[in-house]
Amino acid sequence: MNASAAELAEIVAGLRQPEKTISPKYFYDERGSQLFDAITQLPEYYQTETELGIMHDNMAEIAGLVGPQASLIEFGSGSSRKTRALLENLQELAVYVPVDISRDHLHDAAEKIRAEFPGLEVLPVVADFTRSFALPSPSVMPLRNIVYFPGSTIGNFSHDAAQELLRVMHQEAGEDGALLIGVDLQKDGDIIERAYNDSAGVTAQFNLNMLRHLNREFGADFDLESYTHKAEYNDAEGRVEIRLVSSRPQTISIGGEKFPIAEGEAILTEYSHKYTPEGFAAMAEAAGFTVTKAWTDADQLFSVQYCARN
Ligand code: AVJ
């Protein structure tokens, strides 16, 4: 089954669920990536600037823990300012390996990094990083592998899937390897909800754009006018739950199937889990990592964590 047939089957399977669900990965078409970039610059979306600030304030210690001649394996395409901050400060980095499922986005980002860091070997890998994948062989053998996962994207995964992903990271880090990860922290629910309900409505557009993506790429017939954005913090689960709510009874057609959806019925599009330091340390431990250092900002909004392999 080719990629898009597999994706169509996954989307249809999600719409068959008791609570209709579509994976957050379908946020990220070209427009979705642009909208996410806009989200990272919103005053309410504290995560990106806070993470950058933590890295900036602790870069010497981070670079010291990573050491010279390491390989940096980024789970994701590496288009962020955070990646550049690391590439500018790590000592004699042997190679940079961005890993992403979207080939074009990955190669575009890799080209940009090559242009900005001419002396750096950049070896992109097109792969689904939720499963183990083969690492490329760089011309300079790295002394150790550092897996890098910024932005608290770990929060998009259910607890079990996040645990599984950390195990893949443990495997890819290899002997003497480590993980450098961005982890959004649990805090006052109002601060979190504001980050996903910004006054400019960019997150709402980002959420709705998923339907435009499915219409264009998978032949669906979502009527974007009759869905509204909803983002709530579920304190008991320690996560933000993002949905698209149908404002009238209607039918969704996709993949030759029809799905009736009632007025007020919702489609779940994303979970964004928030962690306590202890909660994340326990997940890391269960995957074979020990949190060596967790840097946070003064308001304990966000953390960057360095996890050594046991
Ligand atoms: C990129 C997954 C970390 O969950 O905060 C931003 C995505 N969703 N606004 C997050 C997102 C809504 C973001 N991550």
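In what follows, every heavy atom counts, from backbone to side chain, and hydrogens, waters and symmetry copies are set aside. Just follow the structure's listing: the first ligand is 1, and inside any ligand the first atom is 1.
- With hydrophobic clusters built from ILVMFWY side chains whose heavy atoms lie under 4.5 angstrom apart, Ile39 shares a cluster with Tyr233.
- A tilted orientation is assigned to the rings of Phe36 and Phe206, their planes being inclined by 30° to 60°.
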List ligand 1's nitrogen or oxygen atoms that come under 3.5 Å of a protein nitrogen or oxygen, with the partner atom and distance.
| from | atom 1 | to | atom 2 | distance (Å) |
| --- | --- | --- | --- | --- |
| ligand 1 | 4 (O) | Ser272 | OG | 2.8 |
| ligand 1 | 5 (O) | Tyr45 | OH | 2.6 |
| ligand 1 | 5 (O) | Tyr196 | OH | 2.7 |
| ligand 1 | 8 (N) | Glu270 | OE1 | 2.7 |

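- Between Asp29 and Arg216 there is a salt bridge, since at least one side-chain N of the basic residue sits less than 4.0 Å from a carboxylate O of the acidic one.
- Note that the CG atom of Leu301 and the CG atom of Leu185 stand 8.0 Å from one another [nearest 0.5 Å].
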Exercise answer: donor-acceptor pairs, residues 88-99 side-chain atoms, under 3.5 Å, sequence neighbours excluded:
| from | atom 1 | to | atom 2 | distance (Å) |
| --- | --- | --- | --- | --- |
| Asn89 | ND2 | Ala85 | O | 2.6 |
| Gln91 | NE2 | Ala63 | O | 3.3 |
| Tyr96 | OH | Glu74 | OE1 | 2.8 |

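- For Glu10 and Lys25, the salt-bridge test passes: some basic side-chain N is under 4.0 Å from an acidic carboxylate O.
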